[in-house]
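Along the sequence shown, the residues carry numbers beginning at 1.
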Amino acid sequence: MHRLIVTGANGAGKSHLARRLGALRPDVPVFSYDALRLTRNWIKRPHAETVAALTNDLAAPAWIFEGGPSLLRHALPLADGLVWLDPPFLTRAWRLMARPWRNLGRTRPELPPGNVDWPWQQYRFALRSLRRNALPHEEITDRLAEAGHRPVWHCRTGRDVVAVERAWIEAGDRHVRP
């Protein structure tokens, strides 16, 4: 397993898990779909630019790509596995409410420079995301049919995430051994 997608709704913990998985196998680069989609001040790049950059990164022999469900239509055909982070609603809500305070006045590591977390902006975003709670779930479920033979981990708990970490390490060990 060399190409892994980490997806889920906003506040699911995608960036955090992708960084952890990247640390477990430092030879595999971690990419953020949001980093490709955004310029500065939360302004989105033109779609064609985003797709071109994404296509370039997806051509790499190994990667961990984290992003929301819209990433799947591009990355899933090339992925070896998919991690779907799907924590309970209240967990996501808590994370979305706490996130701007952890990053107050700074840009999160997974974003391009100039996308600063300010509570009033992030709370509007969080409320919109939480109101549309079912949409990411439906979109991911619809895309899972395209996963075919690829392993899919549907993670609702920390124990589920630990299973993903073990599988990722084992896949890296198998790759290194003759």
Side-chain angles (χ1 to χ4, degrees), residues 1-38 45 50-89 91-92 94-96 98-99 102-103 107-112 129 133 135-178:
M1 186 172 3
H2 307 293
R3 295 173 167 180
L4 186 67
I5 299 170
V6 179
T7 194
N10 295 315
K14 300 178 296 287
S15 301
H16 178 74
L17 179 59
R19 278 192 306 273
R20 282 179 35 193
L21 294 172
L24 293 172
R25 288 181 50 192
D27 57 315
V28 179
V30 177
F31 297 101
S32 168
Y33 190 43
D34 284 342
L36 295 179
R37 292 175 51 186
L38 296 172
R45 290 185 192 287
T50 301
V51 170
L54 178 60
T55 301
N56 183 59
D57 289 344
L58 290 173
W63 41 255
I64 299 168
F65 233 111
E66 65 91 1
S70 58
L71 167 66
L72 297 179
R73 80 174 134 264
H74 304 286
L76 191 55
L78 301 170
D80 298 324
L82 172 76
V83 179
W84 174 11
L85 296 178
D86 189 20
F89 178 83
T91 301
R92 285 186 48 237
W94 172 253
R95 289 174 180 167
L96 287 169
R99 179 163 62 191
R102 278 194 315 271
N103 301 290
T107 300
R108 284 182 263 142
E110 69 272 13
L111 298 175
S129 295
N133 186 48
L135 293 177
H137 198 276
E138 291 168 7
E139 190 172 347
I140 293 169
T141 301
D142 290 346
R143 293 277 175 195
L144 285 181
E146 300 168 26
H149 65 283
R150 296 168 190 89
V152 174
W153 291 271
H154 186 180
C155 301
R156 303 253 321 135
T157 68
R159 188 171 296 154
D160 298 334
V161 170
V162 168
V164 169
E165 291 171 337
R166 284 190 188 125
W168 183 244
I169 291 168
E170 288 172 12
D173 288 346
R174 282 193 301 270
H175 177 66
V176 171
R177 290 185 191 140

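- Evaluation of the ring pair (Phe, Tyr, Trp, His ring centres under 6.0 Å) rule for H16 yields no partner, not counting sequence neighbours.
- Between the side chain of R20 and the backbone N or O of E165 there is no donor-acceptor pair closer than 3.5 Å.
- A search for side-chain contact (heavy atoms from CB on, under 4.5 Å) contacts involving P151 returns W153, not counting sequence neighbours.
- With contacts defined as side-chain heavy-atom distances shorter than 4.5 Å, the pair L96/R99 qualifies.
- Under the salt bridge (Lys or Arg N to Asp or Glu O under 4.0 Å) criterion, R3 pairs with no residue at all, not counting sequence neighbours.
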Intermediate values then yes/no, side chain to side chain contact (heavy atoms under 4.5 Å, CB included), L144 and L82: CA-CA 9 Å; L144 285 181; L82 172 76; 3.3 Å; yes

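- Looking at K14, its side chain does come within 3.5 Å of a backbone N or O of A9 through a donor-acceptor pair.
- Of the possible polar contacts, none joining the R25 side chain to the I169 backbone as a donor-acceptor pair under 3.5 Å is found.
- Residues forming a side-chain hydrogen bond (donor to acceptor under 3.5 Å, both in side chains) with R19 (at least two apart in sequence, or on another chain): E110.
- With sequence neighbours excluded, the residues forming a side-chain hydrogen bond (donor to acceptor under 3.5 Å, both in side chains) with R143 are E146, listed by chain and number.
- Residues meeting the side-chain contact (heavy atoms from CB on, under 4.5 Å) test with D160, sequence neighbours left out: C155, R156, T157.
- Residues forming a ring pair (Phe, Tyr, Trp, His ring centres under 6.0 Å) with Y33 (at least two apart in sequence, or on another chain): none.
- Annotation: salt bridge (Lys or Arg N to Asp or Glu O under 4.0 Å) contacts involving residues 60-83, sequence neighbours excluded, are absent.
- At a threshold of 4.5 Å between non-hydrogen side-chain atoms, the residues L76 and I5 count as touching.
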If you look only at distance, which donor and acceptor atoms sit under 3.5 Å apart when one is on a side chain in residues 54-64 and the other is two or more places apart or in another chain?
from : atom 1 : to  : atom 2 : distance (Å)
T55  : OG1    : V51 : O      : 2.7
W63  : NE1    : L58 : O      : 3.1

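- Checked against side-chain contact (heavy atoms from CB on, under 4.5 Å), A53 has the following partners two or more places apart in sequence or in another chain: L36.
- Side-chain atoms of R95 come within 3.5 Å of backbone atoms of A12 as a donor-acceptor pair (strictly under, hydrogens ignored).
- For W168, there are no ring pair (Phe, Tyr, Trp, His ring centres under 6.0 Å) partners at least two apart in sequence or on another chain.
- Looking at heavy atoms from C-beta onward, P112 lies out of side-chain contact with T107 at the 4.5 angstrom threshold.
- Contact annotation: the side chain of V6 never approaches that of V30 to less than 4.5 Å [non-hydrogen atoms, C-beta and beyond].
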